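Notes follow once the structure below has been shown.
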Amino acid sequence: MILDCAGKALDLTHPQVMGILNVTPDSFSDGGQFLAQDSALAQAKQMVADGAGIIDVGGESTRPGAAIVSVDEEISRVVPVIEAIHSEIDIPISIDTSKPEVIRAAIAAGAGLINDVRALTVDGAISAAVDCDVPVCLMHAQGSPQTMQDDPRYDDVVSNVIEFLLERVSVCEQAGISRDKVILDPGFGFGKRATHNLQLMKHLAKIIALELPVLVGVSRKSMIGKLLNVSVEERLAASLSLAALSVWQGAKIIRSHDVRETVQAIMMCDHVMKVQDIG
Ligand code: 7PM
């Protein structure tokens, strides 16, 4: 299956890595806007060289307790970067946002997929997605990024996530977004304790069984820090292990900070999964 992301192809006949490109001000050292854009473009080119299938551009930090970013600020961060990458790079760009105005501006600038951690629940986001006519990734979260990690509770996290995702798919379909444009994401770390994340990973196949492409974002996440007591710089091996477990169960897209290593890990999974059986 090949997803058309506004004219650029995302080939999901193989698992793909979505490279994370943050354009929040804390993600580059000094202020200069042009420096920041140059650095973003250089990072994007490196990700392509490392085998990324798509680049995820985000201008809003969803970190618990992070400052809320205005629409204009978010647009002025992401649009110049998307324009620069779009003209120089052939792989699709996704826009990591929940705001309808940012969705419209990013798609107009050349992005080809909407990656929304709020699953198009913000007022106007569904119509923006319908008008833009690009694929969307719908992610589950419990609560808002500001407070979601305070005391997350579920009686059955896997069923709860599935129920939410199916409801959002149905809302999208009723609004005119066809099913074949929808990607699902259980939202690791978004309003979930370590045990909830582990249960979701153990039973990811139940989400794969919904028969829509599944995206997994576990790269360097705090669940790894909590379980293994390692700092954010020391989470690569565990991130790769979780990427492999995801692809083994059928996940099609792995969102990662470490593109080269993640491509190698999931290519090995793909080889194992596709090798011809004996006899
Ligand atoms: C602080 C908290 C900083 C969380 C960054 C994050 C996902 C995503 C993010 C995901 C999809 C991170 C997250 N995570 N989009 N955006 N799936 N679809 O760790 O899991 O990168 S932001």
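In each ligand, atom 1 is the first atom listed, and ligand 1 is the first ligand listed. Model, not experiment: these values are computed from the prediction.
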Side-chain donor-acceptor pair present, Gln199, Thr195, cut-off under 3.5 Å: no
Checking contacts here: is it the side chain or the backbone of Arg220 that comes within 4.0 Å of ligand 1, counting heavy atoms only? Could be both or neither. neither
Which of the numbered atoms in ligand 1 are under 4.0 angstrom from any heavy atom belonging to Gly217? 20 (O)
Atoms in ligand 1 flagged as close to Val117, the criterion being non-hydrogen separation under 4.0 Å: 8 (C), 15 (N), 16 (N)
Which atoms of ligand 1 sit under 4.0 Å from any heavy atom of Asp96? 16 (N)
In ligand 1, which numbered atoms sit nearer than 4.0 Å to a non-hydrogen atom of Asn115? 11 (C), 15 (N), 18 (N)
Looking at side-chain heavy atoms only, is the closest gap between Leu12 and Ile2 below 4.5 Å? no
Would a line drawn from the ring center of Phe190 to the ring center of His140 be shorter than 6.0 Å? no
Mind checking whether Arg255 has an N or O less than 3.5 Å away from an N or O of ligand 1? yes
Flag for Ser231-Glu234: side-chain donor and acceptor within less than 3.5 Å: yes
Heavy-atom contacts under 4.0 Å between Val216 and ligand 1: side chain, backbone, both, or neither? neither
Please tell me whether Asp180 and Ser178 have a donor and an acceptor in their side chains that are separated by less than 3.5 angstrom. yes
Just to verify, what does Glu101 make a side-chain hydrogen bond (donor to acceptor under 3.5 Å, both in side chains) with, not counting sequence neighbours? none
